[in-house]
K.L.:
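Just dropping this structure here.
Computed from a predicted model, the values in this text were never measured in an experiment. Ligands are counted one by one from 1 in listed order, and the atoms in each one are counted from 1 as well.
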Amino acid sequence: MCLLKFLALSLFLATACYARTAPIDVREATVSSIHNPLFSGSTTCRGIVSAFLARIEKFNPDINAIITLNPDALSIADSLDGALSQGGATGPLFCIPILLKDNYDALPMATTGGCLALNASKPTQDGPAVRALRNAGAVILGKSNLHELALEGLSVSSLGGQTINPYDFTRTPGGSSGGTGAAVAASFAVFGTGTDTVNSLRSPASANSLFSFRPTRGLISRAGVIPISYTQDTIGAIGRSLPDIATALTVMSSVGYDPTDNATSAIPPSVIGTNYTAFLSQARSSNLTGIRIGVLEGFFNRTSSNETSPVNTAMANVLSMLQAKGATVVPINDTMTYNATLISSLMDVQTSEYREFLTAYLSSPNLTGPHPISMPQLYTPNATRPDFLVIPSQYSYVEAALRTSTSNSSYYLKQFLITNLTRSLHTTFSANQLTCLIYPEQKNLVVPIGSPSQSGRNGILAALTGSPVITIPIGFSPSTRTAPIGIPIGMEILGLPWSEGTLLQVAKSIDDVLHARKMPVTGGLNETVEVTGVYSTVPNVTPLGVRNIPSAYPLGVY
Ligand SMILES: *[C@@H]1O[C@H](CO)[C@@H](O)[C@H](O)[C@H]1NC(C)=O
Ligand SMILES: *[C@@H]1O[C@H](CO)[C@@H](O)[C@H](O)[C@H]1NC(C)=O
Ligand SMILES: *[C@@H]1O[C@H](CO)[C@@H](O)[C@H](O)[C@H]1NC(C)=O
Ligand SMILES: *[C@@H]1O[C@H](CO)[C@@H](O)[C@H](O)[C@H]1NC(C)=O
Ligand SMILES: *[C@@H]1O[C@H](CO)[C@@H](O)[C@H](O)[C@H]1NC(C)=O
Ligand SMILES: *[C@@H]1O[C@H](CO)[C@@H](O)[C@H](O)[C@H]1NC(C)=O
Ligand SMILES: *[C@@H]1O[C@H](CO)[C@@H](O)[C@H](O)[C@H]1NC(C)=O
Ligand SMILES: *[C@@H]1O[C@H](CO)[C@@H](O)[C@H](O)[C@H]1NC(C)=O
Ligand SMILES: *[C@@H]1O[C@H](CO)[C@@H](O)[C@H](O)[C@H]1NC(C)=O
Ligand SMILES: *[C@@H]1O[C@H](CO)[C@@H](O)[C@H](O)[C@H]1NC(C)=O
Ligand SMILES: *[C@@H]1O[C@H](CO)[C@@H](O)[C@H](O)[C@H]1NC(C)=O
Ligand SMILES: *[C@@H]1O[C@H](CO)[C@@H](O)[C@H](O)[C@H]1NC(C)=O
């Protein structure tokens, strides 16, 4: 089967491109490893985009991470090649291929949330963070699958189907930004974006041996992204290296104050325009002297089992390494306050906010194409539009969201408890003079496909308190029959609001010792895909959709 389509239509262009396009190996590519051959003239932007398209075309049928490719990707690459030839290669992400979780508005694609009912819902403009990525030179390759409407962590949706973990084809990739996580792990793009209402930027990073940032609430405008919760939603990036996610953070946060997301009014003047990459170059490599790191004892499952022990072993290795490199480790044993299950059940406000905020998005005049125009309409049986996926545990969620709102007294009580939790967290920092807190993102390994939920995750603390977190890879479980190099394990590094720079420094000092990130080898994902020319058109990538939804998740009308 011929996978590559050459520029046969235009002999002139083809000659020009062949002359300047050496095959490039994009496995584990970074912003700088793309920029070197591009700026030295040994490849073109079209050549780079083609190399990623070749990997997607070859491996997406195994991983099922992509919902749609951007039909404009190659013409954007050409215009960047034009700018390059005229000395106009500007922007920190010049010709960097990226993927967007399919809840980000980006022209000319639909924003589906992975939901069949939104398959034709098209924005009239990019969201502000997407505009910033584009202005910085990024090439949007396409949209990645997610858990339907970002409501769970299994990364299965009615439009996309089930995304597969590249390290173990029997496991989920975490979620809800699991399409981005799986795609970035498989080198389908340099990095990708995600959203995080409770765990969704951190769980896919943890499950795919990647780095991510969840920004301080308000640092990055969430406008133009399908919302769930005003209090808990954030947007960010997932990548294979700290410099790449630092650049993504710099670009996405450059939007600054945005009147269409008033949470951005909280950004302190001193934070506006920060270059986060600069913090990495200032980090003391592998030297943690003077850093005080709190460890949340309540965020572990100390039961010994195949699912929990590898996580506890990886964390124990990190703790002994931290001490060996001069850090002070402070156990935080207040398991009454820091109990993720308990604080989720008492304080999570998503269901009270979902109806209002999703309706505001769906009813915007800036959304075109046939689509439901309110949250209740989305969840109302409707013969003219297809069914969507609600996994069993989500029925009660949707039911609660249809009934409750931000004017209920229970909502005010939860907000009061969140304020108290935030105060407790800040007290833990000041009383122990902490630089950061650490804990495993998930108390157990990422769950197998078909599991009822993505259990054991610890993301709720940052979600409720609006705290920033950098997630880093810290190791792998022992190898198994289905996971040749083991299943990835990730750790959260949580800080006080606006401390992203410090967290990146700590993350770098730790990563310089661990170097835990490994590329997947399952299904030949570690092999190069030979690209001898360039693509003339963007290939058709069809998500597996309902064909590979596990029978445990019935497709039905709510
Ligand atoms: C959306 O789904 C409907 C019903 O299956 C189908 O008729 C329509 O063509 C789809 N639209 C797009 C843009 O995919
Ligand atoms: C901010 O926007 C939210 C959602 O639009 C609204 O509920 C809230 O009242 C606004 N707050 C302020 C201070 O403007
Ligand atoms: C940010 O800082 C890095 C290193 O300090 C520098 O190389 C880069 O050019 C800066 N980026 C911007 C957008 O100023
Ligand atoms: C580590 O950093 C501390 C504080 O800056 C410094 O005093 C110490 O010499 C450094 N150690 C090494 C091995 O570089
Ligand atoms: C702890 O892990 C064990 C073994 O995987 C599991 O059976 C149990 O449900 C977990 N406990 C909690 C509270 O998550
Ligand atoms: C745990 O892992 C061991 C070694 O891979 C395996 O023999 C055993 O069957 C596993 N136990 C369970 C309950 O899956
Ligand atoms: C806190 O927990 C750690 C780990 O379980 C334990 O070693 C330590 O003694 C405890 N500290 C206090 C003050 O209880
Ligand atoms: C506030 O937090 C503290 C410390 O976690 C806790 O002891 C107290 O019970 C909380 N107050 C309320 C009203 O929940
Ligand atoms: C955490 O809270 C849950 C739910 O209230 C409870 O079942 C569990 O025992 C608590 N865990 C600890 C370590 O206190
Ligand atoms: C719709 O787009 C216009 C033009 O860009 C913008 O001014 C307006 O804020 C947008 N409306 C909403 C609800 O996002
Ligand atoms: C059914 O769904 C379509 C597309 O989402 C919408 O345009 C239409 O108004 C809906 N019909 C009813 C009766 O809600
Ligand atoms: C890919 O991984 C397999 C299994 O570990 C190994 O045998 C093979 O040599 C690797 N290929 C490359 C190109 O690294």
K.L.:
Would you mind listing which atoms of ligand 5 come within a distance below 4.0 Å of any non-hydrogen atom of Thr303?
P.N.:
1 (C), 2 (O)
K.L.:
Around atom 14 (O) of ligand 5, find the nearest protein heavy atom and jot down its residue, atom name and distance.
P.N.:
Asn301 ND2, 3.6 Å
K.L.:
What atoms of ligand 5 come closer than 4.0 angstrom to any heavy atom of Ser305?
P.N.:
4 (C), 5 (O)
K.L.:
Which atom pair, heavy atoms only, marks the closest approach of Leu118 to Pro372?
P.N.:
CD2-CD, 3.8 Å
K.L.:
What heavy-atom pair brings Leu421 and Ile343 nearest, and what distance separates the two atoms?
P.N.:
CD2-CD1, 4.0 Å
K.L.:
Mark whether atom 11 (N) of ligand 9 lies under 4.0 angstrom from at least one protein heavy atom.
P.N.:
yes
K.L.:
Got a salt bridge between Lys443 and Glu307, using NZ or NE/NH1/NH2 to carboxylate O under 4.0 Å?
P.N.:
no
K.L.:
Geometry only, no angles: is Glu307 polar-contacting ligand 5 at N/O separations under 3.5 Å?
P.N.:
no
K.L.:
Between Arg202 and Glu441, is the closest basic N to carboxylate O distance under 4.0 Å?
P.N.:
no
K.L.:
With the threshold set at 4.0 Å, does a side-chain nitrogen-carboxylate oxygen contact exist between Asp126 and Arg131?
P.N.:
no
K.L.:
Of the protein's non-hydrogen atoms, which lies at the shortest distance from atom 13 (C) of ligand 10, and what is that distance?
P.N.:
Ser364 OG, 3.7 Å
K.L.:
Could you list which atoms of ligand 5 come closer than 4.0 Å to a heavy atom of Thr308?
P.N.:
2 (O), 5 (O)
K.L.:
Protein heavy atoms near atom 5 (O) of ligand 10, is at least one of them under 4.0 angstrom away?
P.N.:
yes
K.L.:
Could you list the atoms of ligand 10 found under 4.0 angstrom from a heavy atom of Gln125?
P.N.:
1 (C), 2 (O), 4 (C), 5 (O), 10 (C)
K.L.:
Nearest non-hydrogen contact with atom 1 (C) of ligand 10 belongs to which option: Asn366, Asp105, Thr260, Asp126?
P.N.:
Asn366
K.L.:
Hey, which atoms in ligand 9 end up nearer than 4.0 Å to a heavy atom of Asn339?
P.N.:
1 (C), 2 (O), 3 (C), 8 (C), 10 (C), 11 (N), 12 (C), 14 (O)
K.L.:
Relative to each other, are the rings of Phe357 and Tyr230 parallel, tilted or perpendicular (30° and 60° limits)?
P.N.:
parallel
K.L.:
Distance-only, no hydrogens or angles: does the Asp196 side chain make a donor-acceptor pair with backbone N or O of Arg214 under 3.5 Å?
P.N.:
no
K.L.:
Which atom pair, heavy atoms only, marks the closest approach of Tyr354 to Met375?
P.N.:
CD2-CE, 3.7 Å
K.L.:
Please confirm whether Asn444 approaches ligand 5 to less than 4.0 Å, judged on its heavy atoms.
P.N.:
no
